[in-house]
K.L.:
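One structure coming up, written as structure tokens, with questions to follow.
Keep in mind that the numbers below use all heavy atoms, side chains included, and drop hydrogens, waters and symmetry copies. Letters A, B, ... mirror the listed sequences (proteins, then strands); counts begin at 1.
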Protein chains: 2
Amino acid sequence: MRTQVVTIHDVARAAGVSPATVSRVFNGGRVTPERAQSVQQAAAALGFAPNRLARSLRKQRSSVIALIIPDIENPFFTSLARGVEDAAQRTSLSVVLCNSDEDTDKERRYLEVALGEQMAGVIVAAASQDDTDLGPLIARGVPVVAVDRRPHDAEVDAVRADDRHGGEVATRHLLQAGYRRIACITGPEGASTSEERLAGYRAALHAARSNGAVADDAYVRHADFRVEGGRAAMRELLALPEPPDAVFVTNNLMTIGALDALDEAGRTPPGVGVLSFGDVPWASLVRPSLTAVELPSYELGRAAADLLLQRMEGGTAPLQTVVLRTTLQIRESTAGPVASD
Amino acid sequence: MRTQVVTIHDVARAAGVSPATVSRVFNGGRVTPERAQSVQQAAAALGFAPNRLARSLRKQRSSVIALIIPDIENPFFTSLARGVEDAAQRTSLSVVLCNSDEDTDKERRYLEVALGEQMAGVIVAAASQDDTDLGPLIARGVPVVAVDRRPHDAEVDAVRADDRHGGEVATRHLLQAGYRRIACITGPEGASTSEERLAGYRAALHAARSNGAVADDAYVRHADFRVEGGRAAMRELLALPEPPDAVFVTNNLMTIGALDALDEAGRTPPGVGVLSFGDVPWASLVRPSLTAVELPSYELGRAAADLLLQRMEGGTAPLQTVVLRTTLQIRESTAGPVASD
DNA sequence: TTCAGGGGTGAAATCCTTTTCACAAGCAGG
DNA sequence: CCTGCTTGTGAAAAGGATTTCACCCCTGAA
């Protein structure tokens, strides 16, 4: 298993030119056509593949961009990743995905990798609002775009959904459907999406107080954006002396858990209203069908990548925050409480 | 936005030593404790982060491994990715994920990246049995492990499931449940998993011919391992003059599509038996519950990573193929055809 | 006292490209 | 015929780490 590497020197020698010329052939310098051709031939014959490390080292910039997401098992993020990929596809950049697992340590390591590997750009859905430190990347001049979640005080371009507004619309819908004791299962306290969606929920409830709506923090649960967390939170809510008659769950996976817990307790929507922020994966299989705030996951990725590419091309426009709209899809799970309940 | 990079030289100067000594401090060479400490301090003070490109260039090997998967939106692969990550976690290696999207061109590009970036190792679930060329990586001495799908004639370690056996067991179960016109929706012709699961299905049917089972290739459909493909294939099957009374679908996403198509046609399991190879994501929400061949996705990733790490540590053992067992989980969707059907 | 051996150190080579710089040749215009 | 420009080219520097090699100093054994 010989590790015989073919370098630009070998190609140069074979083609009877200097390494500089070979480099120019591959990078669009001026070379006479015939010479270029003989270089091409030599390279092909020898099976030359440029050493990207050397290239990146010299150019001070590699040709891959990193996408750091907090949960690779959440279809929302994989769809977002597709958006990023498709946008990057049109350039010569490759996308590598890093899964921080909602763990700021893992995330830090990946950020270090991105910095140390001189990646051309970074798109990050931050694991934490506070502990995600984009400083080194920014100081080094690496373009960074925050997507979905916004790190607290970082000076970066951002692409996100209108979380607060979505939360408000969702909660108003539950109120209109006749639910009164509306609970909220939201994500970890550090995440901007958690907070904003919760804020929207609170605002809607607050506005409807005179209407008999119950605004009580006993109905608010912070979980971890995962199935298990949603299940546990829902169990807790169902165990309250006066259980909620509806629940607004701020992410898709937790909704799955919540539905499981409901099922376990023998309750089903819309007897207990269930509204998910973000579509549940393969929602078509779920009965009754789920009302959800539709989150433009793919477009978020797409927009983030576009913004990044723009920035990489040297755009000096002031920092932007792009906010994408969510839309409420009303389905069966929020048809209203049953009379006897 | 100054790109002031702190190099090992700067640290050396600040600590009053040579760059070689700084390198030794970070890589475990012999250095007197006090000197080591002053280097640490200088590095911390300057915010030194080693340039991983330079390091990898010199060492001829980077410290990231690539995992190339064909569909990032398939929970099977994301779970597998978790397995790989968790195994790599215990080392100093980082995992980057590349999504080939079942596209051999995209896959080729990622393989080039892996080669050009001198990645420490590659785990690949090949998009194609024939067009996936691992040759250059292998020639270069990069450890490679094939997972789930096996490229045709590549000389690599492999980790996969007992696809053929699983397919046979699944089909036998459908036969025992009383189904007779059993269709099979399988994946693209190039993929080893498609072929093997199909082979298992055929073997089981063949063995049961005397029993009234119909073994007819009109009941076999090749699709693309995605939801849409499964839906389209199921529609075709339902449009046959004599539609099948059960279907064995060789992957999870296609099963979702098939269920959609059944629903659309007003048919439901177990009236039409449905058996999925690979668990459907969040199967707990699906009614009736689905019989499935459970695929040890996480363990496949884990085992592949372990094998890779072993190989990277210079194991010179002969090439291995690890086959992990699948288990049939019998649930409601294959309870047997209704009498009138 | 001398010599062997080993630990700690720095200078310099090395990894492989890209890019700068200098130079030569060719050509047009004066 | 000479100047000035444009092109094409190769030598060499640069990018930032690791690693080899030579060296010094010290200890322990002969």
K.L.:
With sequence neighbours excluded, give me every side-chain hydrogen bond (donor to acceptor under 3.5 Å, both in side chains) pair touching residues 118-135 of chain A.
P.N.:
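Output for this query lists A:Glu107-A:Thr132, A:Gln118-A:Arg140.
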K.L.:
Who are the side chain to side chain donor-acceptor pair (under 3.5 Å) partners of B:Asn99, not counting sequence neighbours?
P.N.:
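B:Asn99 satisfies side chain to side chain donor-acceptor pair (under 3.5 Å) with A:Glu85 only.
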K.L.:
Rounded to the nearest angstrom, tell me the gap between atom CZ in A:Arg13 and atom C1' in D:dG10.
P.N.:
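Rounded to whole Å, this separation is 15 Å.
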K.L.:
If the condition is salt bridge (Lys or Arg N to Asp or Glu O under 4.0 Å), which residues does A:Asp10 pass it with, not counting sequence neighbours?
P.N.:
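Salt bridge (Lys or Arg N to Asp or Glu O under 4.0 Å) check on A:Asp10 returns A:Arg13.
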K.L.:
Any ring pair (Phe, Tyr, Trp, His ring centres under 6.0 Å) pairs touching residues 91-138 of chain A, not counting sequence neighbours?
P.N.:
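Of all non-adjacent pairs touching residues 91-138 of chain A, none passes ring pair (Phe, Tyr, Trp, His ring centres under 6.0 Å).
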K.L.:
Which residues in residues 43-63 of chain B have at least one heavy atom lying under 4.0 Å from any atom of DNA chain C?
P.N.:
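Correct list: B:Leu57, B:Arg58, B:Gln60.
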K.L.:
NE2 of B:His9 versus C1' of D:dG15: gap in Å, rounded?
P.N.:
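So the NE2-C1' distance, B:His9 to D:dG15, works out to 11 Å.
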K.L.:
State whether the side chain of B:Ser100 and the backbone N or O of B:Ile69 hold a donor-acceptor pair below 3.5 Å, judged by distance alone.
P.N.:
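Yes; judged by distance alone, with no hydrogens or angles, the pair exists.
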K.L.:
For residues 38-65 of chain A, which residue pairs pass the salt bridge (Lys or Arg N to Asp or Glu O under 4.0 Å) check, not counting sequence neighbours?
P.N.:
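The answer is A:Arg52-B:Glu117.
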K.L.:
Which ring pair (Phe, Tyr, Trp, His ring centres under 6.0 Å) pairs, counting each pair once, include a residue from residues 21-62 of chain A, with sequence neighbours left out?
P.N.:
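Checked against ring pair (Phe, Tyr, Trp, His ring centres under 6.0 Å) - neighbours excluded - the pairs reaching residues 21-62 of chain A are A:Phe26-A:Phe48.
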K.L.:
Excluding sequence neighbours, so at least two apart, what forms side chain to side chain contact (heavy atoms under 4.5 Å, CB included) with A:Ser38?
P.N.:
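Side chain to side chain contact (heavy atoms under 4.5 Å, CB included) check on A:Ser38 returns A:Ala15.
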K.L.:
Could you list the protein-to-nucleotides 5-8 of chain D atom pairs, N/O on both sides, closer than 3.5 Å?
P.N.:
| residue | atom | partner | partner atom | Å |
| --- | --- | --- | --- | --- |
| D:dG8 | OP2 | A:Arg30 | NE | 2.9 |

K.L.:
To the nearest Å, how far apart are A:Leu115 CG and D:dG16 P?
P.N.:
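Whole-Å distance recorded here is 13 Å.
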K.L.:
Kindly state which residues belonging to residues 16-27 of chain A come within less than 4.0 angstrom of DNA chain C, counting heavy atoms of the residue only, listed by number.
P.N.:
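Close to the strand are A:Ala20, A:Ser23, A:Arg24, A:Asn27.
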K.L.:
Output all residues satisfying side chain to side chain contact (heavy atoms under 4.5 Å, CB included) with B:Ala146, sequence neighbours left out; order by chain, then residue number.
P.N.:
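With sequence neighbours excluded, B:Ala146 shows a side chain to side chain contact (heavy atoms under 4.5 Å, CB included) to B:Pro151, B:Val156, B:Ala158, given in chain and number order.
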K.L.:
I need the full list of side-chain hydrogen bond (donor to acceptor under 3.5 Å, both in side chains) pairs touching residues 296-313 of chain A, with sequence neighbours left out, sorted by first then second residue.
P.N.:
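Residue pairs passing side-chain hydrogen bond (donor to acceptor under 3.5 Å, both in side chains), neighbours aside: A:Ser79-A:Ser297, A:Asp86-A:Tyr298, A:Arg90-A:Asp306, A:Asp157-A:Arg311, A:Tyr298-A:Arg302.
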